Amino acid sequence: MYDATIHAKTLARQFRETDFSRGLLYVPLSDKEATVQRAVEIAASGFPHISLYRGNRGGKHVYQHTSVDQALIVRHISGHVRQVTGVRQNDRQDIVRCMISLLSQGIAFKAIKLDIKSFYETVDTDFIVQSLRGDSAFSRQSVNLLESFFDALRRQSISGLPRGLAISATLAEYAMRGFDNVLEKQDGVRFYSRFVDDIIMIVDYGVNVEKMMSFAQSTLPAGLELSKTKCEGYNFSSQTMKDSLTPDLTLNFLGYQLDVSRMYRDGSSIYRNVDVDIATSKIKKYKRRIAKSFLEFNNDANFHLLNGRLKMLSCNHSFIDEDSGQKRFVGLRYNYPLIDSNNSKGLKELDRFFRNAVYNTNPNNRIKPNLNPAQRKKVLGFSFKKGFEDNVFFTFSPRDILIISRCWTHA
């Protein structure tokens, strides 16, 4: 049974192996008891301030804990919320698998893609606190500390939920439960799913898209707003073609590009063909990172760093999430496992861009790296298609990851 009370024993259970390895969160093993005692004192008096490291990802502020004693309390509260409410984030790959299956059906339908503007930053934390306070299963001690946590964040000019913290993901899911339940039960909705701030709906062909979007906006929790420029509707027609080669529409969602054909007949059955590839926006992101890697090398001539960056971009690696303590796998193979590498235009385009950058002697090629013959040979051994197909895997230390990825800020 989960012990919701906050005391020395329950806080000590929140330590993770990464807390004793040098990184943003670090405590010597000899200081373990003193760290727990400091956490107990904070739990008794509230958070005077929140110690966070602020980074940047995609133009958004992303935060990480820098105080282990504070992190112990926040982990405990986050675990308590998950235990009581059962909230969890949907799996990105499962959502896309369901979409592929539904989009392949030989019927007319519509798809609605919604995006919540500045989701984490605009979540109403007062609403979350009030909702948890009204739940008798939730500890009063935890909700008071959570309120203190948000008060301290506001004093530090951090609004909403700090993007990047595990508790923010947990509380965001909690705040959106009612919205999700209402939308998925609407008449005509065949499939509904949400991944953080990205929402997809597959609806009957007769559903009015504009009215559904308006209803979704009116149903959102206080403070949240749909992004008008990122919300789209798609009409998948009832027209049947002789083959599956004629495209109907392209839908980009969760990093994937889904090219959906018009309906075609195969014997007595009718289908649509769905080609799955990496979204164009993600291809551009990889290209920017390739370019920044070469430009940085031309500035500092550090081939070891360039080699690490190309490994990280074209291959796969794992890391320990310091906030959740979980081992995570990233890279082309893990980020986009549903693509068909044999038919992927995206992988071929990345390899072509990469090799052109290395070989092209045109004066306008500003990103051409100044490599000696041995370095050029080593660099040309990298391939995005090969890294995906062969699941090429490398290991990096947390410090290496931080240094390698530093030049990709805003890329």
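Just so it is clear, the structure is predicted and the values come from calculations on it, not from any experiment. If you read the sequence from its start, that first residue is 1, and numbering goes on from there.
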Checklist entry - So which of Lys32, Arg38, Glu33 actually passes side-chain hydrogen bond (donor to acceptor under 3.5 Å, both in side chains) with Thr35? => result Arg38

Item to check | Audit row: Glu296, Arg406, salt bridge (Lys or Arg N to Asp or Glu O under 4.0 Å) steps and yes/no | outcome: CA-CA 10 Å; Glu296 189 76 6; Arg406 192 171 287 156; over 6 Å; no

Checklist entry - Thinking salt bridges, do Asp19 and Arg75 make one under a 4.0 Å N-O criterion? => result yes

Checklist entry - Side chains of Ser101 and Arg97: is there a donor and an acceptor less than 3.5 Å apart? => result no

Checklist entry - Are the aromatic rings of Tyr53 and Tyr63 close, with centres under 6.0 Å apart? => result no

Item to check | Side chains of Phe384 and Ser314 in contact at under 4.5 Å (non-hydrogen atoms) | outcome: yes

Item to check | Geometric class of the Phe393/Phe329 ring pair [parallel <30°, tilted 30-60°, perpendicular >60°] | outcome: tilted

Next on the checklist: Looking at Arg154 and Asp126, is there a salt bridge between them, counting it only when a charged N and a carboxylate O are closer than 4.0 Å?
Outcome noted: yes

Next on the checklist: Is a donor from one side chain sitting under 3.5 angstrom from an acceptor on the other, for Glu121 and Ser159?
Outcome noted: no

Name each donor-acceptor pair under 3.5 Å that joins a side chain in residues 199-212 to protein atoms two or more places apart or in another chain, with its distance.
unit_1, atom_1, unit_2, atom_2, d
Asn208, OD1, Glu210, N, 3.1
Asn208, OD1, Lys211, N, 2.9

Checklist outcome for this item: Residue set satisfying side chain to side chain contact (heavy atoms under 4.5 Å, CB included) with Ser214, at least two apart, ordered chain then number -> none

Checklist entry - Has Arg163 got its NZ or CZ under 6.0 Å from the middle of the six-membered ring of Tyr120, at an angle within 45 degrees of the ring axis? => result no

